[in-house]
Amino acid sequence: MDVSRKLPVAILGTGNIGTDLLVKVLRSEVLECALFVGRNLQSTGMAKASSLGVRISDQSIDAFVRNPDCCKLVFDCTSARDHLVHWPILQKQGKIVIDLTPAKVGTMCVPAVNLQEGLQAQNVNMVTCGGQCSTPLAYAISQTLGKVEYIEVVSSIASRSAGPGTRINIDEYIETTQEALEKFTGCGRAKAILVLNPAQPCIDMQTTVFAKVANPDLPRLDAAVRAMVAKLQAYVPGYQLVIPPIYENGRIMVMVRVQGMGDYLPKYAGNLDIINCAAMAMAEEFARKLLGAPAPRDREGAA
Amino acid sequence: MDIRKQEITREDCATLFPNGPAALAGLRGETLLVTGGTGFVGTWLAELGAWLNDEHGFGLHMILLSRQESDFAGKAPHLAGRKDIRLLKMDVRNVQEFPPEVTLLVHAAGTPDNRFHATDPLSTMDIFVRGCRSVLNAAARLPALKRVLHLSSGLVCGGQPLDLPRMPESFAGRAEFGSVASCYTESKRMAETVCAGFRSQHRLPIVVARPFAFIGPYQLLDRPWAINNFVRDALLGGPIRIQGDGETVRSYLYGADLACWLYAMLLEGQIGHAYNVGSPEPVTLKDLADLIADQLSRRPKIERNLATASRFQATRFVPDVTLAESTLGLQRRFPLLAAIRRTIAWNQAQA
Amino acid sequence: MNPTTKPILICDVTLRDGSHAVAHQLTAAQMEVYARAAEKAGIGILEIGHGNGLGASSLQVGLAATDDRTLLRAVRPCLSRTRLGVFVIPGFATINHDLKPAIQDGADVVKVASHCTEADTTQRLIGFARESGKETFGVLMMSHMAPKETLLEESRKMQSYGAEGVILMDSAGAYLPEDVAEKVRFLVEHLSIPVGFHSHNNLGMAVANALEAARHGATILDGTARGFGAGAGNAPIEVMVGVLQKAGFATGVDLYGILDAVAVAEREVITTVPSIRGISLVSGLAGVFSGFAKHVERVAKEYAVDPRDVFFELGRRRAVAGQEDLIIDVAIELADKGGKNRGHP
């Protein structure tokens, strides 16, 4: 592909998430990293970006104020509090913002479910790692079996993949994930549970979706879940169905496991990888739209 | 390199395991990265790893990290050319990423040479503190990492009182601070705290080893430590010169024992524990000089530098290794006399 | 009695941990009647709720028959001397949805629990409970899985967040008395806040371990009426109180009072008195969360696999509290292998 036909993007936040995203952007056929922005030139992420020949800045949001034309799209990988400061500035500049923080300013988007809705927004929120993992399954259940009385998702992640931010913000994780589940299934009662497991070697992220439904039509659900898993695998290669839908003890249960791509973060950090993969899927779709390139395949949900 | 030297170190490896190396079976099929990989510790780990591969089919892959990786071929040519040993040129202070296949890590970088500490205390602190941080930061992103062994120093416990026969891990002695002379001990202490931080915050499975004093092949005889100088003086025909009255007490663990102990700590040590590594067999420098002199066919003279004796403060540095012996089942296979004999033989085999 | 011995705070968890034994089906009426008896007996803290605490009613662990608020409001008027306790695990419950309402409904004591290596998940909840003026303890679950040094570090985190005591939970019933001695003594020596112990009886050690903990300086001990709890159950509180009394510890609990309370529990609450059956023993040996017992039995039957194999495999995978979904994963895997997982110890 012609290099000039790539959408210039910037990554704001040079921690583990931002740096992993950088590796993914550098591999993209439709995105190019115009700027990698943080606060500390000495950070590991900055050193990595430099070694990859990426332009870096330690001016944080001021980098955009000084150089408003540097890019069309910004990934915000900082924190919810910082995003609230960044968004008005980026909004005025007309940037598309993909928000990986739990700030929930923009439209909550899970590419396998509501890609098209996301493309209409200027600020797209990527929910949570557990939300990216579980809502597509919950959505498939609600689309196939009709009314869902109650939906519950349990994610177990490797302790080592949960940084200080995740640990202190578990309540926000739970609330945001529940909100996304309710939005995408229309079910008024959703519960999210997060478990950290310190086993060594590290476990892969594992997510179980439970549902209480009036009509557990397993054969139909099985087909719908498998189709949804395939749709996710198009942008999250490590997403695997472990237990196809079963009906046990009065509940529907589906289990998936997510292994990361191992770009910058270790493979066991499937929870961090999936939100980055989802952000990439979103950004690439924006790029195709803005560059006028045809989408390689339709990823929109079945509804 | 003299073939006899290789025979000596391989015989040493065999001596370690009278009943076979089952205790180190956890190394089978693993990929080990050693920072400071071409130093005394790293070379011995490589020597033993190579022997386990050759004699027992361990299938251990070793990656030796070093700033001067090119020196290794001269120092250990039989190891440098092997397929199971890879050399990687990297300064620990600037480590960003390690090869993703690494499953075991030994952080042994940084010299204990106090001449370097005296001349360049800033780099010393940088290597031990920032180096440790960079290494563990990269380790925290290794996908298949099972365990980390951090090499600290017996000195972190502070000065050993003369009336304490052996210093246990829990001993808290007086430690100098705020002087150039304290830069090594203080940065080694800080590095242990950095390890605790990574263990707590990133759940890195880190075990700490606190080395005392060692002797054996690959030990450079120009190092400013009594035993090295005594062996060097003896090999040159003497006289062996003792600083002071010779009442200072040390103990020495042989290189092969050291490698075996470190592997056991890496594999079986309790996460978060620190283990002394060294010999509990005390010897005065006076007796050590005699012991070394006795090993040579033409016994060199021994001279005591009595001019400084009145001002020379005798010290003691002998570990209590009960913790390693009782919880990890470790034993020394080379008592001091054997260690000295092997060291002299290896150095005499020098071309 | 040794005058230097500190009194032991007895925490009765019959109406919380006991919930595991009846799939969280305890009713408000049952709780009320037992709470009155516990109050009469002079129990220090009475903890109530779902087995995994506030907000834990779920398909994962089990849906509770009665919601947290109804239970708290029912029990609150029954207690005056005895403090009303709640248990909460971050990841299951949140401040807004669960802890804040529980405090509004009159909880006096908040125990915030995490897996024994994950204490930094408790910062916000401990902080909130303290700011609300509630007596707050940290709980390290599955504490047999970490060495004493780690337990100390994690306890210190909880202490720094504001915990007024740290309780080691032997969630799997895997401790032997020497383990209790080693860990409790170490924490007591190094912490400036009280240390507690919560026993389970999988290896028949629950009371012995509670006594051992007291002898090494623990001043908070958990128990349940007749050991009512999942699997092999907990330390029978009446036996624990009697034994502590004999060993010279003050508990503030009236022996006849607690025996009467236990009689009430037997009549109104306890369906089956726990005993050490083969699979409970295996669960303790495998070091698996006691609360898994009922799920393992049900799932093993459904998939025609040996529940003992399920426990050992869960232990091998180092499952932690809250990972009940793994039970089905393991059972399916074992069933695929032909129902028998040979080669276990």
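Basis for what follows: all heavy atoms, side chains included, without hydrogens, waters or symmetry-related copies. Below, chain A is the first sequence line, B the second, and so on; all start at residue 1.
- More than 12 heavy-atom neighbours from other residues, nucleotides or ligands sit within 6.0 angstrom of CZ on R189(B).
- Separating the OG1 atom in T150(C) from the CZ atom in R199(B) is a distance of 6.0 Å, to the nearest 0.5 Å.
- Within a 6.0 Å radius of CZ in R93(B), more than 12 heavy atoms belonging to other residues, nucleotides or ligands are found.
- Residue contact with chain B, scored on non-hydrogen atoms closer than 4.5 Å, involves the side chain of E154(C) exclusively.
- Rounding to the nearest 0.5 angstrom, the gap separating the NZ atom in K148(C) from the NE2 atom in H273(B) is 4.5 Å.
- The nearest pair of heavy atoms linking A119(C) to R203(B) is N-NH2, 4.5 Å.
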